[in-house]
Amino acid sequence: MEIPSKYEPSSAENRWYDYWMKNNYFHSIPDEREPYTIVIPPPNVTGVLHMGHMLNNTLQDVLTRRARLMGKNACWVPGTDHASIATEAKVVARLKEQGIAKNSISRDEFLEHAWEWKKEYGGVILEQLKKLGCSCDWDRTAFTMDDNMSESVIKVFVDLFNKGLIYRGYRMVNWDPQAQTTLSDEEVIYEEKQGLLYYLAYQIEGSDEKVTIATTRPETILGDTAICINPNDERHHHLKGKRAIVPICERSIPIIEDEYVEIEFGTGCLKVTPAHDVNDKALGEKHNLETIDIFNADATLNSFGLHYEGKDRFTVRKEIAQELEEKGFLVKTEQYLTKVGTSERTKAVIEPRLSDQWFLKMEELVKPALKAVLETEDIKFFPKKFENTYRHWMENIRDWNISRQLWWGQRIPAYYYGDGQDDFVVAENIDEALKLAQDKSNDPKLAIEHLRQDEDVVDTWFSSWLWPMTVFNGILEPDNDDIKYYYPTNDLVTGPDIIFFWVARMIIAGYEYRNEKPFKNVYFTGIVRDKQRRKMSKSLGNSPDALKLIDDYGADGVRVGLLLSSAAGNDLMFDEDLCQQGKNFANKIWNGFRLVKGWEVADIPQPQASKLAIEWFHAKFDQTLVEIEDHYSKYRISDALMATYKLVWDDYSSWLLEIIKPAYQKPIDRTTFDAVIDILEQNLKLLHPFMPFLTEEIWQHIAARTPKEALIVAEWPKIGKNDNGLIKGFDFASEVIAGIRTIRKDKNIAMKEALELSVINSENASNDWDVVIQKLTNISSISYVDETVEGALTFRVKSNEYFIPMAGTIDIDAEMKKIREELEYTRGFLQSVQKKLQNERFVNNAPEKVIALERKKQADAEAKIETLEKSLASLL
RNA sequence: GGGUCAUUAGCUCAGUUGGUUUAGAGCGCUGCCUUGACAGGGCAGAGGUCAUUGGUUCGAAUCCAAUAUGACCCACCA
């Protein structure tokens with residue numbers, strides 16, 4: 001059968017993915033082997049594959065496949081996250097297109113639509129992961145709103161409530177007026193925006209005097225309930241105890257004093273709006289101020305907004321500024337750079353808002369999680385620098401607002417039975433709730449229909465923080481076989497952007513619910529950026545279509561492309577050229593295989609050169625394997641790939657195959673052939689985690705294999721004896737080869753023309769490698785001589801001198817120039833070494849080993865100089 | 001405002017407890033080669049005052065300090 005000269009990925013990829021699925025290699029069940037577990041960072045159900053996912057999941061697949069090859073019971077659990085805000089927004093938008101308003105349908109009807117949506121689109125991203133080659137255990141695919149997941153969430157909520165860690169509070173929270181829900185502090189992104197600072201003059205009550213304040217939000221004056229000055233500010237002492245009149249609404253408000261006010265900022269006078277600013281709220285509580293909320297839930301003004309009622313806050317800002325100016329209250333405006341909080345999901349400007357919400361007390365929960373990372377190193381971060389970020393957040397942690405005013409998610413299991421602040425119970429189901437409510441209210445006649453469940457759901461992260469446990473049902477059945485076997489998981493691969501949202505909270509939950517870490521190592525990937533260092537995003541349109549990339553370069557090519565430049569924790573500048581490099585590599589491997597496959601095998605003696613080359617490659621392979629293992633142990637995946645790349649491209653293809661290659665249309669001896677097939681198979685194993693499809697394809701081409709013998713479940717190579725002498729000998733020989741090639745190049749001597757080589761072997765180098773040198777450079781004979789050969793081109797390796805006699809004239813000047821240049825360099829080098837050795841303090845203080853090395857360098861350089869001088873003399 | 005990290009070849013990055021030839025890799029670049037695995041290839045080559053300035057040391061890309069530039073994280077100055 002003719003093998004095409006170009007590797008065609010698309011058919012192979014589908015074929016082998018189906019084969020792997022059919023033979024159940026991805027599926028894991030507990031057995032006597034050591035487990036290796038990864039839980040996927042569940043992408044949003046609304047998501048489509050982007051470059052970040054590609055990188056992230058390629059890394060997970062590399063780790064999983066390698067673990068599998070190493071004989072571990074590898075289990076990579078896939079799944080998706082219900083992403084309440086994002087998904088609810090999409091469903092709302094879709095309903096709107098169909099002419100249905102969310103508030104016109106019931107909660108249950110809405111949820112039906114949402115589930116319908118999930119059924120339709122929820123699997124898209126997982127299907128895309130298959131295209132990438134991800135070897136997830138699809139039988140275990142989970143979703144954060146699966147029944148057992150939701151039950152777990154409720155159970156945990158009730159438990160934390162009963163422990164006194166969850167409480168209900170009337171607090172200032174981050175309100176997203178577009179999604180109409182609260183957000184946690186972590187979901188608020190601060191963006192710098194150019195705005196205006198308005199200076200407004202308030203009339204002092206009962207006088208003609210005025211007081212000027214500065215604000216960025218003039219529309220909130222309608223909610224003002226005080227003006228605050230710093231008691232140490234002498235400019236304003238005359239205002240103490242007086243009252244001011246708020247413009248437009250003409251409310252009389254007190255002038256209070258507090259050191260919180262910065263004397264330097266603005267005019268040193270602050271307007272206080274307790275309903276719409278966290279600091280103002282604190283002031284309000286301290287000074288017992290009235291709280292006036294002027295906004296509706298969608299951030300339009302309510303009746304306190306007077307004639308602005310019903311208008312949006314930003315419209316009002318413009319209009320009220322105009323009115324204030326017309327009425328003479330506006331003193332001036334200044335350009336002002338301010339930080340505005342926006343919603344991570346909807347991008348809407350966050351409104352601080354007072355409302356009843358559920359909070360989780362973090363202070364105690366955090367302690368074991370902090371210790372595990374920073375003290376005991378039970379959990380290791382790669383790269384380590386993120387431990388600082390983690391520490392900082394954990395040590396300054398605030399209570400977590402876990403309630404969201406949404407429908408898509410786990411509904412808060414609180415049941416109200418009366419109108420009092422305290423008239424509620426928390427229970428896993430309504431029957432439990434009824435019993436508790438009857439007890440608490442002392443009213444045995446209380447019935448189910450009297451109970452109203454809280455309308456809110458919990459934050460999405462309140463379900464995903466349990467993910468490493470709930471995917472193995474470890475909350476509902478804490479003693480089941482899966483959780484006992486797979487937990488704690490081994491590696492977590494994720495982005496540093498969710499270190500607080502998710503990573504930290506999983507660690508907290510792990511210690512609280514299993515008294516054990518959720519994972520041993522966390523590998524933080526970088527952010528994928530484009531060549532101009534811009535973050536890849538939909539709005540910029542700079543994110544390539546993942547599936548198109550796979551079409552163009554093959555999944556293996558894309559995987560290699562992504563991994564080539566992704567040191568842990570460093571952002572990665574993605575460039576399609578890297579995928580091209582990956583594709584080229586795949587083709588190189590393919591052709592290396594094609595060459596070997598095309599050879600005719602005969603029972604003839606093994607050439608000495610082949611024997612030596614194979615021994616050398618074994619040594620080189622062992623040496624590289626040590627390197628690769630070291631890289632993996634430090635999660636330096638891109639270095640592990642590069643080491644493999646060089647082994648296969650340079651050592652295997654460029655050197656080994658060239659040395660053993662039989663003459664044109666001549667057969668190869670069986671011994672060499674068998675050895676090279678074995679070597680190819682070992683290489684394929686190292687390559688498989690990076691390039692699963694291509695390697696399986698070649699593996700199965702080499703020989704007919706039963707499913708048990710598939711590459712995906714082959715045995716990872718063991719580290720061998722690593723013979724250094726062979727590697728040194730080869731390195732020396734390769735320098736000789738390069739010298740001869742350079743001469744051929746310079747003098748334009750075709751490879752067909754055989755040359756002779758003479759050598760003055762001052763280095764006493766072994767002649768074992770002569771056969772290899774001869775084969776690769778078409779040297780007919782190598783003779784060992786004592787004296788300089790006249791009329792020859794020369795080159796030197798260390799202090800060995802090589803001669804290639806030339807029939808024609810030798811350009812003496814050029815030869816001399818070359819030698820002089822070498823001489824100059826070597827003398828310079830010798831000088832620097834001598835300078836060190838002549839320094840008494842160096843000789844006295846440096847370790848023995850270092851001095852010996854310097855002496856060796858000196859001797860080598862001196863020998864080389866002697867050789868060069870002799871050659872030069874012979875030319876004169 | 002506080003903090004973390006970076007700065008090495010045209011680009012992307014290694015350089016592990018200071019000493020392994022006068023600093024490496026991949027890509028790119030420049031020449032030449034090209035019927036017998038692969039032009040998605042081969043061979044050879046050019047290219048760096050290791051951000052700057054001081055300091056410690058026998059010895060610094062590596063340790064320390066300051067400066068500059070950039071990135072990220074945290075923080076309630078209207």
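Every chain is numbered from 1, with letters handed out A, B, ... down the list of sequences.
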Checking N1-N3 plus N6-O4 or O6-N4 for Watson-Crick, or N1-O2 and O6-N3 for wobble, each under 3.5 Å, the partner of B:rG18 is none
From CG of A:Leu562 across to C1' of B:rU12 the rounded distance in Å is 14 Å
Could you list the protein-to-nucleotides 25-29 of chain B atom pairs, N/O on both sides, closer than 3.5 Å?
unit_1	atom_1	unit_2	atom_2	d
B:rA25	O2'	A:Lys646	NZ	3.1
B:rG26	O2'	A:Gln581	NE2	2.6
B:rC27	OP1	A:Tyr645	OH	3.4

State plainly whether the residues A:Glu627 and A:Lys646 are in salt-bridge range, i.e. N to O under 4.0 Å.
no
* **Interatomic distance at P, B:rA9 relative to B:rU49, whole Å** => 9 Å
*Kindly say whether, by distance alone, the side chain of A:Lys385 makes a donor-acceptor pair under 3.5 Å with the base of B:rC5?*
no
A:Lys849 NZ to B:rG18 C1', in whole Å, measures 13 Å
(request) Give one of base, sugar-phosphate or nothing for A:Lys6, where a contact means two heavy atoms less than 4.0 Å apart. (result) base
Please report the distance separating the C1' of B:rA71 from the corresponding atom of B:rU17, rounded so that it comes out in whole Å.
29 Å
When rounded to whole Å, the CG to P distance for the pair A:Leu563 and B:rU12 reads 19 Å
B:rU12 to B:rU57 separation - P atoms, rounded to the nearest Å:
37 Å
Answer for the Watson-Crick or wobble partner of B:rC29, both distances under 3.5 Å, is B:rG45
Rounded to whole Å, CD1 of A:Ile737 lies from P of B:rA44 at a distance of 10 Å
Checking N1-N3 plus N6-O4 or O6-N4 for Watson-Crick, or N1-O2 and O6-N3 for wobble, each under 3.5 Å, the partner of B:rA9 is none
Mind checking if A:Asn388 touches a base, just sugar-phosphate, or nothing, with heavy atoms under 4.0 Å? sugar-phosphate
Task: Main-chain N/O of A:Glu822 paired to A:Lys864 side chain as donor or acceptor, under 3.5 Å - done: no
Is there a side-chain polar atom (N or O) of A:Lys634 under 4.0 Å from OP1 or OP2 of B:rU16?
no
In Watson-Crick or G-U wobble terms, with both distances under 3.5 Å, the base opposite B:rG1 is B:rC74
Here the distance between atom C1' of B:rC32 and atom NZ of A:Lys745, to the nearest Å, is 6 Å
dist A:Tyr198:OH -> A:Glu219:CD (nearest 0.5 Å) comes out at 8.0 Å
Rounded to whole Å, the CD-C1' distance (A:Glu192 to B:rC72) equals 14 Å
Is there a donor and acceptor pair, one atom on the side chain of A:Glu658 and one on the base of B:rA37, closer than 3.5 Å?
yes
message: What contact category does A:Thr273 fall into here, base, sugar-phosphate, or nothing, at under 4.0 angstrom with non-hydrogen atoms?
response: nothing
Between CG of A:Asn591 and P of B:rG40 the distance, given in whole Å, is 11 Å
**B:rC58 base / A:Asn839 side chain donor-acceptor hit below 3.5 Å** = no
N/O (side chain, A:Arg529) to phosphate O (OP1/OP2, B:rA71) under 4.0 Å
no
B:rU35 -> Watson-Crick or G-U wobble partner, both distances under 3.5 Å, gives none
Rounded distance in Å between the P positions of B:rU53 and B:rC77
39 Å
Is the shortest side-chain N to carboxylate O distance from A:Arg827 to A:Glu824 below 4.0 Å? no
- Pairing of A:Glu854 and A:Lys836 as salt bridge, 4.0 angstrom limit: yes
Contact class for A:Gly828 vs. all strands (heavy atom < 4.0 Å): base, sugar-phosphate, or nothing?
base
Indicate, with a heavy-atom threshold strictly under 4.0 Å, whether A:Ala738 touches base, sugar-phosphate, or nothing. sugar-phosphate
Looking only at side-chain N and O atoms, does A:Arg594 come under 4.0 Å of OP1 or OP2 in B:rG36?
-> no
Expressed in whole Å, how much space separates the C1' atoms belonging to B:rG18 and B:rU62?
6 Å
Exactly one candidate in A:Leu564, A:Leu694, A:Leu687 meets side chain to side chain contact (heavy atoms under 4.5 Å, CB included) with A:Phe585; the answer is A:Leu687
Query raised in the report: For atom P, what is the distance between B:rA25 and B:rA65, given to the nearest Å?
Result: 33 Å
note: A:Arg841, atom CZ; B:rU56, atom P; distance rounded to Å ~ 12 Å
Re B:rU67: Watson-Crick or G-U wobble partner, both distances kept under 3.5 Å, found to be B:rA51
Pairwise C1' distance for B:rC13 and B:rG59, with rounding to whole Å: 27 Å
Original post:
Between the base of B:rU21 and the side chain of A:Lys856, is there any donor-acceptor pair under 3.5 Å?
Top reply: no
**Message:** Using atom P in both nucleotides, what's the gap between B:rG2 and B:rG47 to the nearest angstrom?
**Reply:** 45 Å
